[in-house]
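Counting starts at 1 for both ligands and their atoms, following the listed order. Residue numbers start at 1 and run along the sequence shown.
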Amino acid sequence: MTDDRRTELATNLARVEDRISAACAKAGRPRDEVTLIVVTKTYPASDVRLLAELGVRQVAENRDQEAAPKAAECTDLPLTWHFVGQLQTNKVRSVASYAGIVQSVDRARLVTALSKEAVRAGRELGCLIQVALDVESGAARGSTGDRGGVAPDGVPALAEAIAGAEGLRLDGVMTVAPLAGPYAGRQLAAFERLMEISTDLRATHPAANMVSAGMSADLEDAVAAGATHVRVGTAVLGVRPRLG
Ligand SMILES: *Cc1c(COP(=O)(O)O)cnc(C)c1O
């Protein structure tokens, strides 16, 4: 059973690796510019362990209730945990105990809470600003509903807040291809917009050079646009058994 699963994961990983390599070649980018993050949500710690044995070093989760016990089962593995889901402030203490990078920072209140808990835990937390591309302006969240994100015009202020917060490190930007608005169904254009936002951010914060974009269905568009990190779940682990 474990052997079958290992073979399945190895096969899927090889396929995803081929896709990333091909996309890099097509874009004229060196393969090592793009890091694969495997999104392990809804899958058990045993899969995380197999992935680590197969060489995966970056994993992502979107719900603390699920991620916290899973990370606790895997503390012996050389993994960086990314948190990619909507984050409520009452979960921040827990997330700050295992996450290396929080990709879904989208409001000042969250920055304050993350800073406090990072300091408390004696850890430095990497932060990506999650950008909602279904709205160009306005502090309010977009019609992405529970997908989160700050409108592009809110990025500079949030960047200053993170850069000035103790215990936090501003690493870059992240987006999820929007389902509504001008970029709905236009992944490449959405990711190119994210790259513009990243370029603007790096003008004032040159070290914040991570660009996290692209999932199983659209990683090629993300690589073409210039993403440095792709977040791939189903293409590695299979179609999720339940919504997540
Ligand atoms: C689930 C998830 C992914 C991975 O999606 P797949 O389509 O399974 O590859 C990427 N990013 C975020 C924020 C997610 O929640």
Q) What orientation do His229 and His82 show, parallel under 30°, tilted 30 to 60°, or perpendicular over 60°? A) tilted

(Q) I need the contact type for Val84 against ligand 1. Using non-hydrogen atoms and a strict under-4.0 Å cut-off, is it side chain, backbone, both or neither? (A) both

(Q) I need the full list of salt bridge (Lys or Arg N to Asp or Glu O under 4.0 Å) pairs touching residues 171-184, with sequence neighbours left out, sorted by first then second residue. (A) Arg169-Asp171

Q.
Check this for me: Arg109, atom CZ, are more than 12 non-hydrogen atoms of other residues, nucleotides or ligands nearer than 6.0 Å?
A. no

Q) Where's the contact between Arg240 and ligand 1, heavy-atom distance under 4.0 Å: side chain, backbone, both or neither? A) side chain

Q. What are the atoms of ligand 1, with element, lying closer than 4.0 Å to any heavy atom of Thr234?
A. 6 (P), 7 (O), 8 (O), 9 (O)

(Q) According to salt bridge (charged side-chain N to carboxylate O under 4.0 Å, His left out), who are the partners of Arg186, at least two apart in sequence or on a separate chain? (A) none

**Q.** Those atoms of ligand 1 less than 4.0 Å from some heavy atom in Val232
**A.** 9 (O)

